[in-house]
Structures are given as C-alpha cells and as structure tokens.
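Side chains included, hydrogens not; waters and symmetry mates left out as well; all remaining heavy atoms used. Residues: numbered from 1 along the sequence shown.
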Amino acid sequence: MEIYDFEFNFRLDILAVAALHQSDPAVEPLVVPVRIGECAECPWWSWCRPVLGAGAGDVSLLPRIGWRAWRVHRDHGVTDRGELASLDHRTAALVAAGVDLRPLLAAQGTRRDDTPVAVVHR
C-alpha cells in the first residue's frame with residue numbers, strides 16, 4: 001500500500017506541475033513525455049504529441065519501444081529517432097548485452113585507429 005500511495009501522490013504532483021507549466025512555461029515539468037500504450041486515452045496527449053514529434057521525433061514514437069527501452073536509450077544519450085538510426089549495430093548489441101563501453105569510450109582518441117581491440121590467439 002505504501003508503494004501505491006507514493007505512486008499515486010507522485011502522479012498528482014506531475015499533474016499539478018504540468019498545469020503550472022501550461023500557464024507558465026518557465027516552470028519545468030517533473031517528467032518528460034514518453035509515448036506508451038495509454039496515450040490515446042490520456043487528456044494530455046494533445047500536449048505531448050507535438051512535443052514528442054518535434055525535430056527528429058522521440059524514440060518512444062517507434063513501434064515496440066516501451067518505457068524500458070526508451071529509458072535505456074535515454075540513459076545512453078539517445079533522445080530522438082535520428083540518433084537511434086545513427087547507432088552502430090555492433091555497439092548497440094554490446095550495450096544490450098551489458099558490456100560497459102565507458103573504458104573504451106574514454107580511451108577513444110588516445111589510441112591509434114588501427115589498435116586491436118582484442119588479440120586472437122590461434
């Protein structure tokens with residue numbers, strides 16, 4: 001019941017701040033729009049849709065991209081469909097497999113382009 005109360009109160013806070021944002025755009029919303037299955041029935045969809053569609057469009061507008069996948073992309077700095085389309089498939093597969101690429105990215109630019117990533121012994 002404690003979790004339910006927290007979630008319900010958080011949603012009330014989101015609505016209150018969103019209403020303030022509508023009257024004063026300087027007030028930052030507590031959350032950013034993300035397209036989910038319930039959007040079609042939501043009274044805020046008319047506000048969220050243009051925000052999500054701006055520029056290259058939000059990743060959540062793509063079919064079969066739910067909140068979890070959207071969050072993974074956002075956590076990795078991918079915030080629109082153009083950035084998603086430009087991802088290297090092999091890199092994305094490594095990230096999806098849980099490989100921490102931060103050490104490689106930190107070393108990027110400090111090694112020659114022909115530096116082997118792994119040594120294969122035959």
Looking at Asp75, Val78, Asp58, which hits side chain to side chain contact (heavy atoms under 4.5 Å, CB included) with Trp70?
-> Asp58
Supply the atom-to-atom distance Asp88 CG to Leu94 CG, rounded to the nearest 0.5 angstrom.
-> 8.5 Å
The reported gap from NE2 in His73 to CG in Asp80 (rounded to nearest 0.5 angstrom) is 11.5 Å
Atom CZ of Arg81 and atom CG of Leu61: how far apart are they, to the nearest 0.5 Å?
-> 5.0 Å
Separation of Glu83 CD from Leu87 CG (nearest 0.5 Å) = 8.5 Å
Is the backbone N or O of Val27 less than 3.5 Å from a side-chain atom of His21, with the two atoms forming a donor-acceptor pair by type?
-> yes
Walk me through it: do Trp45 and Arg35 pass the test side-chain contact (heavy atoms from CB on, under 4.5 Å)?
-> CA-CA 9 Å; Trp45 182 234; Arg35 187 172 188 286; 3.8 Å; yes
Same cluster or not: are Val51 and Ile65 linked, directly or through other Ile, Leu, Val, Met, Phe, Trp or Tyr residues, by side-chain heavy atoms under 4.5 angstrom apart?
-> no
Is there a path from Ile36 to Leu62 through hydrophobic residues (I, L, V, M, F, W, Y) whose side chains come within less than 4.5 Å of each other?
-> yes
Could you state whether Leu84 and Trp67 fall into the same hydrophobic cluster, counting links through intermediate Ile, Leu, Val, Met, Phe, Trp or Tyr residues with side-chain heavy atoms under 4.5 angstrom apart?
-> yes
CG of Leu12: more than 12 outside heavy atoms within 6.0 angstrom?
-> yes
Measure the shortest side-chain to side-chain distance between Pro33 and Trp47 over non-hydrogen atoms and say whether it is less than 4.5 angstrom.
-> yes
Measure across Ala18 and Trp44 and return the closest heavy-atom pair with its distance rounded to 0.1 Å.
-> CB-CH2, 3.7 Å
Ile3 and Asp5: CA distance, side-chain angles, deciding distance, side-chain contact (heavy atoms from CB on, under 4.5 Å) verdict | CA-CA 5 Å; Ile3 293 171; Asp5 287 341; over 6 Å; no
Single-linkage hydrophobic cluster Val59~Val32, side-chain heavy atoms < 4.5 angstrom = yes
Establish whether Val17 and Leu15 are linked, either directly or via other cluster members, by ILVMFWY side-chain heavy-atom contacts under 4.5 Å.
-> no
With side chains defined as the heavy atoms from C-beta onward, is the minimum distance between Thr79 and Arg74 less than 4.5 Å?
-> yes
Leu30 and Asp13: side-chain contact (heavy atoms from CB on, under 4.5 Å), yes or no, with the steps?
-> CA-CA 8 Å; Leu30 291 180; Asp13 291 343; 3.8 Å; yes
Give, for atom CE of Met1 and atom CZ of Phe6, the distance between the pair rounded to the nearest 0.5 Å.
-> 15.5 Å
Side-chain donor or acceptor of Ser60 paired with backbone N/O of Val34 under 3.5 Å = no
Those residues at least two apart in sequence (or on a different chain) that pass side-chain hydrogen bond (donor to acceptor under 3.5 Å, both in side chains) with Asp24 are none
